[in-house]
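Counting begins at 1 with the first residue of the sequence.
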Amino acid sequence: MVFETLGSEPLDAMLRLRLTASEKERLREDADLAALSMSELVRRRYFGRPIIANADAIMIKELRRLGGLVKHIHNESIGANSKETAAVLVALKAYIESLSDDRQKN
């Protein structure tokens, strides 16, 4: 029975394994955070594919939005607060890169 495909290959083989209840719950929580099924989470971890936590993706999107607003303030104020806005933009960029690096490691 084929449930779905991965690329051009059907996912038609099953693996059963035993876990403790707490391990299963942790796996379910991690999968929920990444907005993946438990099976997909395990496949990605084992085969070294990136796992992007949904919370990180939402955070990065919000940080980029805030950066755009700060840039707008900078442009509208004709650079009156250029040191402050530049510092904020540098900090936002560094945090976005940090989150992106963490995502790539997982």
Side-chain angles (χ1 to χ4, degrees):
M1 174 181 273
V2 177
F3 292 97
E4 57 184 289
T5 59
L6 184 61
S8 62
E9 295 183 64
L11 299 175
D12 57 358
M14 291 185 60
L15 173 68
R16 292 180 53 124
L17 73 133
R18 295 196 179 273
L19 301 169
T20 65
S22 62
E23 288 172 332
K24 183 177 179 182
E25 182 57 31
R26 183 173 168 201
L27 185 61
R28 184 180 311 282
E29 288 172 3
D30 288 353
D32 288 345
L33 282 174
L36 299 171
S37 67
M38 288 192 293
S39 295
E40 182 62 21
L41 179 71
V42 170
R43 277 193 301 273
R44 287 187 185 194
R45 282 188 178 167
Y46 183 80
F47 293 111
R49 293 188 211 121
I51 299 168
I52 301 168
N54 196 32
D56 286 350
I58 292 169
M59 179 64 78
I60 288 171
K61 182 178 177 181
E62 181 64 13
L63 290 171
R64 286 183 175 148
R65 187 185 74 78
L66 291 173
L69 290 173
V70 171
K71 184 177 176 183
H72 177 73
I73 290 169
H74 172 76
N75 291 339
E76 288 295 312
S77 69
I78 313 168
N81 299 311
S82 61
K83 287 183 184 179
E84 292 83 0
T85 55
V88 169
L89 289 171
V90 167
L92 286 171
K93 182 180 177 190
Y95 194 65
I96 289 169
E97 288 173 353
S98 170
L99 284 175
S100 296
D101 289 345
D102 289 346
R103 289 182 357 187
Q104 296 303 319
K105 290 176 187 174
N106 291 334

Legend entry - NZ on Lys71 to OG1 on Thr85, rounded to 0.5 Å: 11.5 Å
Legend entry - Transitive ILVMFWY cluster of Ile58, excluding itself - 4.5 Å side-chain cut-off: none
Inset, instruction - Might you confirm whether atom CD1 of Ile78 has over 12 heavy atoms from other residues, nucleotides or ligands at distances under 6.0 Å? - result: no
Inset, instruction - Taking atom CD of Glu9 as the centre, report whether more than 12 heavy atoms of other residues, nucleotides or ligands fall under 6.0 Å from it. - result: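 12 or below, so no.
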Inset, instruction - Go through the steps to decide whether His74 and Asn81 satisfy the test side-chain contact (heavy atoms from CB on, under 4.5 Å), and finish with yes or no. - result: CA-CA 7 Å; His74 172 76; Asn81 299 311; over 6 Å; no
Inset, instruction - With the side chain counted from C-beta on, respond yes when Arg26 and Asp30 share a heavy-atom pair under 4.5 Å apart, and no when they do not. - result: yes
Inset, instruction - Could you tell me whether a side-chain N or O of Glu76 sits under 3.5 Å from a main-chain N or O of Ile73, the two making a donor and an acceptor? - result: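 No; judged by distance alone, with no hydrogens or angles, the pair does not exist.
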Show me the donor-acceptor pairs within less than 3.5 Å that the side chains of residues 31-41 make with the rest of the protein, sequence neighbours left out.
| residue | atom | partner | partner atom | Å |
| --- | --- | --- | --- | --- |
| Ser37 | OG | Glu40 | N | 3.0 |
| Glu40 | OE1 | Arg43 | NE | 3.2 |
| Glu40 | OE1 | Arg43 | NH2 | 2.6 |
| Glu40 | OE2 | Arg44 | NE | 2.9 |

Inset, instruction - State plainly whether one hydrophobic cluster holds both Leu27 and Leu17, where clusters connect Ile, Leu, Val, Met, Phe, Trp and Tyr through side-chain heavy atoms under 4.5 angstrom apart. - result: yes
Atom pairs and distances, donor-acceptor, side-chain atoms in residues 60-69, under 3.5 Å, two or more places apart:
| residue | atom | partner | partner atom | Å |
| --- | --- | --- | --- | --- |
| Glu62 | OE1 | Arg65 | NE | 3.1 |
| Glu62 | OE2 | Arg65 | NE | 3.3 |
| Glu62 | OE2 | Arg65 | NH2 | 2.7 |

